[in-house]
Amino acid sequence: MPRKPPIVFPQEQRLLSELGERLRLARKRRKLSNAVVAQRAGVSRTTVYKVEAGDPGATLGAYMRVLAVLGLEGDLKLLAADDRIGRKLQDLALEPSPGVRRRKVTPPPATTRGVPHE
C-alpha cells in the first residue's frame, strides 16, 4: 500500500515547485537527459520527474542525489545556515525578565589557608 504524501501548505508547495523547476533547468543546461540523471543518481526516472515537479512525496534523499549529480549538493549548506529567529529566541532567553531584580551575591570573606583574615 503506497504511503500518503505529507500535507504541504500552498506556500511550501510553491517553494518545492520552484526548486524542482531550478533542478530541471540545471539538468537541461548540462544537456543531461532525465534517464542519465536517474541512472547516475541511482533512482528511477519517475523519481527524477517527481523531484523536478516539486512533489512532496519525493524523499529528501532523492532531492540530494539529483543535486549531487548536477554538482549542486554544496547548496544544501546554505539551507537554514542563518537561523535569525532561533538566535533571537536564544537571546531573549538569556536576557533578564523586565522588572525582575537580580540578587547581588556577596563573595565570602578572604581567607588564608582556611583561617579567616583579621
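The figures that follow rest on heavy atoms only: side chains count, while hydrogens, waters and symmetry mates do not.
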Is the number of heavy atoms from other residues, nucleotides or ligands under 6.0 Å of Leu78 CG greater than 12? yes

Side-chain heavy-atom pair Val37, Arg45 within 4.5 angstrom cut-off: no

Is Val43 reachable from Leu72 through a run of hydrophobic residues whose side-chain heavy atoms are each under 4.5 Å from the next? yes

Nearest 0.5 angstrom please: Lys28 NZ to Asn34 CG, how far? 9.5 Å

Working to the nearest 0.5 angstrom, can you tell me the gap between Asp83 CG and Gln90 CD? 9.0 Å

Taking Tyr49 as the starting point, is it possible to reach Val51 by hopping between hydrophobic residues whose side chains are less than 4.5 Å apart? no

Close side-chain approach of Leu70 and Leu32, heavy atoms under 4.5 Å: yes

How about CG on Leu79, more than 12 heavy atoms from neighbouring residues, nucleotides or ligands closer than 6.0 Å, or not? yes

Over 12 non-hydrogen atoms of neighbours within 6.0 angstrom of CZ in Arg87: yes

Around atom CG of Leu60, are there more than 12 heavy atoms of other residues, nucleotides or ligands at under 6.0 Å? no

Give a yes or no on this: more than 12 heavy atoms of other residues, nucleotides or ligands lie within 6.0 Å of atom CZ of Arg30. yes

Take Ser17 and Gln13 through the side chain to side chain donor-acceptor pair (under 3.5 Å) test and state the conclusion after the steps. CA-CA 6 Å; Ser17 296; Gln13 181 57 59; 3.1 Å; yes

Qualifying residue, where the test is salt bridge (charged side-chain N to carboxylate O under 4.0 Å, His left out) with Glu52 and the options are Arg22, Arg24, Arg27: Arg27

Atom CZ of Arg65 and atom CD of Glu73: how far apart are they, to the nearest 0.5 Å? 8.5 Å

Could you pull out the closest heavy-atom pair between Ala41 and Val66, with the gap in Å? CB-N, 4.4 Å

Check for me, please, whether Leu76 and Val48 land in the same ILVMFWY cluster - side-chain distances under 4.5 Å, paths through other members count. yes

Over all atoms of both residues, closest heavy-atom pair of Glu12 and Ile7: OE1-O, 4.5 Å

Do Leu23 and Tyr63 pass the side-chain contact (heavy atoms from CB on, under 4.5 Å) test, and can you show the C-alpha distance, the side-chain angles, and the key distance before you say yes or no? CA-CA 9 Å; Leu23 293 175; Tyr63 280 92; 4.1 Å; yes

Side chain to side chain, Leu16 and Asp55, heavy atoms closer than 4.5 Å: no

